[in-house]
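In what follows, a structure is listed as structure tokens, so that the remarks can point back to it.
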Amino acid sequence: MFTAKAPTLASLPSISNHPSNPNFNANLPFLSTLSTSTRKPTSPLLTFPPLKSSISTTEPAISPPDQSLASTSKAAAQTRVDILAESLPFIQKFRGKTILVKYGGAAMKDKNLQASVINDLVLLSCVGLRPVFVHGGGPEINSMLGRLGQQPKFVDGLRVTDTPTMEIVEMVLVGKVNKHLVSLINKAGATAVGLSGKDGRLLTARPSAKAAQLGFVGDIARVDPTILRPLVANDFIPVIASVAADENGQAYNINADTVAGELAAALGAEKLILLTDVAGILENKDEPTTLVKEIDIKGVKKMMDEGKIAGGMIPKVNCCIRSLAQGVRTASIIDGRLPHSLLLEILTDEGAGTMITGGLTKPSKRRHAMLYFPSYC
């Protein structure tokens, strides 16, 4: 045993023994030992067992990158770039042009398809097109009527609209569906403005020829697009509910296809697009593979005379013919059940349905899915 003597101030090294002094280590022999040797202490009192550590002192092996994954990612990126490059001529063609889109059918009922249409609309606006959005809302109206204990009534596919029903129609289309669509478009990054035919006297209605049977179901007497022009010119997206009033202020429910066609003509739109629940115009209505991708007014009238176009497709085709006769360059009836059908129709040669031309329009590069009718195009 020995007793270590506590150091005193006198025994501590002086400033003259700074490490810069060559004799500094000589004055402090233990420092010399530490600086020249890494051996373990030999005193049995200071011997420690070796420590065991679970920490590896070697670097973990790094797996080489998965070449197949990298290749797939690169191919996907290249595909996206190719698509953007191929869309350039279409963007240049339609940039600054007004596109009238009528929204309805499955695209309105299915949330995924709804999101697809809204995103397409916003993208088209972002690349310089000027979309105008017209909507109906039959399923929503039926749902509200059911909740209020009323049964919807139809004659030849048209809704019978008495005074109580008209109040519900206006409440649902203008107050609910319209504002919901405006919110979705705003959320997606564009700026929408919700309107009905009443606003700014955009549409003036008149009773339909079947008013005695249908009630307040109207036709369009006059269109005044004054309120739309500054909105479109300043990159707003007008969202228009198919409700209008007559000269006396009586509200009417108007077919949304008719509203879209008349607005397209009044605005001098480049293109009218009707979203539907069918593939388009079929050469054989019972065979989906006989889709006619492009046809002119003469050809489509011939198909109607031959009975190849019937039922609910007739008013849609008549709407397109009327808009084309008033100066709209092309009108398309497209399959709204297809995701991104708007982009397919506008930014590709393939399209998403049937395009009807006025006859003076230069034919596009589209081809009929199964059959080619040179007499039509």
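Keep in mind that the numbers below use all heavy atoms, side chains included, and drop hydrogens, waters and symmetry copies. Start at 1 with the first residue, then count along the sequence.
With sequence neighbours excluded, the residues satisfying side chain to side chain contact (heavy atoms under 4.5 Å, CB included) with Asp335 are Ala279, Arg337, Leu338.
Taking CG of Leu267 as the reference point, atom CG of Leu100 lies at 6.5 Å (rounded to 0.5 Å). Going from atom CG of Asp305 over to atom CE of Met303 covers 11.0 Å, rounded to the nearest 0.5 Å. For the atom pair Arg130 CZ and Phe94 CZ, the distance stands at 15.0 Å (nearest 0.5 Å). Expressed to the nearest 0.5 Å, how far CZ of Arg222 lies from CG of Asp246 amounts to 10.5 Å. The line from CG of Leu275 to CD1 of Ile334 is 4.5 Å long, rounded to the nearest 0.5 Å. To the nearest 0.5 Å, atoms CG (Asn142) and CZ (Phe154) are separated by 4.5 Å.
Considering only heavy atoms from C-beta on, Leu148 comes within 4.5 Å of Ile168 through its side chain. Contact of the Val259 side chain with the Leu203 side chain is registered, since non-hydrogen atoms from C-beta on lie closer than 4.5 Å. Residues Glu140 and Lys109 form no side-chain contact, since every pair of their non-hydrogen atoms from C-beta on lies 4.5 Å or further apart. By the 4.5 Å heavy-atom criterion applied to side chains, Leu181 and Phe133 are counted as neighbours. With contacts defined as side-chain heavy-atom distances shorter than 4.5 Å, the pair Pro339/Asn112 does not qualify. Under the 4.5 Å side-chain criterion, counting only non-hydrogen atoms from C-beta, Thr191 is not in contact with Ile237. The shortest distance between side-chain heavy atoms of Ile281 and Val317 falls below 4.5 Å. Side-chain atoms of Leu324 and Thr357, non-hydrogen and from C-beta on, never get closer than 4.5 Å to each other.
At a threshold of 4.5 Å between side-chain heavy atoms, the hydrophobic network of Ile, Leu, Val, Met, Phe, Trp and Tyr places Met171 and Phe216 in one connected group. Leu343 and Val127 fall within the same hydrophobic cluster, defined by Ile, Leu, Val, Met, Phe, Trp and Tyr side-chain heavy atoms under 4.5 Å apart, directly or through other members. Residues Ile297 and Ile314 share a single hydrophobic cluster, defined by chaining ILVMFWY side chains whose heavy atoms lie under 4.5 Å apart.
Between Gly136 and Ser242, the shortest heavy-atom distance links the atoms CA-OG, 4.0 Å. Closest non-hydrogen pair, His340 versus Ser116, comes out as N-OG, 2.6 Å. What you find for Leu291 and Leu282 is that their closest heavy atoms are CA-CD2, 3.7 Å. Ala266 and Val223 get closest at one heavy-atom pair: CB-CG1, 3.6 Å. Between Asp219 and Ala209, the shortest heavy-atom contact is OD2-N, 4.1 Å. Taking all atoms of both residues into account, the shortest heavy-atom contact from Val328 to Glu270 is CG1-O, 4.2 Å.
The closest donor-acceptor contact from the side chain of Asn178 to the backbone of Val239 lies under 3.5 Å. Not one N or O on the side chain of Ser143 forms a donor-acceptor pair closer than 3.5 Å with the backbone of Ile141. With Thr354 contributing its side chain and Val292 its backbone, the two residues share a donor-acceptor pair below 3.5 Å. A donor-acceptor pair is defined here as one N or O able to donate and one able to accept, closer than 3.5 Å; no such pair exists between the side chain of Asp199 and the backbone of Leu195. For the pair Ser208 (side chain) and Val217 (backbone), a donor-acceptor distance under 3.5 Å is present. Of the possible polar contacts, one joining the Asn186 side chain to the Ala192 backbone as a donor-acceptor pair under 3.5 Å is found.
Around atom NZ of Lys187, no more than 12 heavy atoms belonging to other residues, nucleotides or ligands sit under 6.0 Å away. The environment of CZ in Phe90 is crowded: more than 12 heavy-atom neighbours from other residues, nucleotides or ligands sit within 6.0 Å. Heavy atoms of other residues, nucleotides or ligands lying less than 6.0 angstrom from CZ of Arg201 number 12 at most. Within 6.0 Å of atom CZ in Arg95, 12 or fewer heavy atoms from other residues, nucleotides or ligands are found, so the atom counts as exposed in its surroundings.
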Please step through side-chain contact (heavy atoms from CB on, under 4.5 Å) for the pair Glu306 and Lys302, ending with a clear verdict.
-> CA-CA 6 Å; Glu306 294 172 348; Lys302 181 179 179 181; 3.2 Å; yes
Between Thr330 and Leu272, is a side-chain contact (heavy atoms from CB on, under 4.5 Å) present by the stated rule, with each step listed?
-> CA-CA 6 Å; Thr330 65; Leu272 166 66; over 6 Å; no
Worked check of side chain to side chain donor-acceptor pair (under 3.5 Å) between Thr165 and Asp162 = CA-CA 5 Å; Thr165 303; Asp162 55 16; 2.6 Å; yes
Could you walk me through whether Ser332 and Lys271 pass the side chain to side chain donor-acceptor pair (under 3.5 Å) test, one step at a time?
-> CA-CA 8 Å; Ser332 296; Lys271 194 172 186 66; 3.1 Å; yes
Stepwise side-chain contact (heavy atoms from CB on, under 4.5 Å) test for Ile91 and Leu347 = CA-CA 7 Å; Ile91 294 173; Leu347 300 183; 4.0 Å; yes
Going through the checks in order, is the side-chain contact (heavy atoms from CB on, under 4.5 Å) test met by Ile346 and Asp120?
-> CA-CA 10 Å; Ile346 296 173; Asp120 288 358; over 6 Å; no
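The stretch residues 258-293 participates, sequence neighbours left out, in no ring pair (Phe, Tyr, Trp, His ring centres under 6.0 Å) pair at all. Note on residues 262-284: no pairs pass ring pair (Phe, Tyr, Trp, His ring centres under 6.0 Å), not counting sequence neighbours.
In this structure, Glu262 pairs ionically with Arg322, as a charged nitrogen and a carboxylate oxygen lie closer than 4.0 Å. Ion pair Glu247/Arg206 not flagged as a salt bridge, since none of the NZ, NE, NH1 or NH2 atoms sits closer than 4.0 Å to an Asp/Glu carboxylate oxygen.
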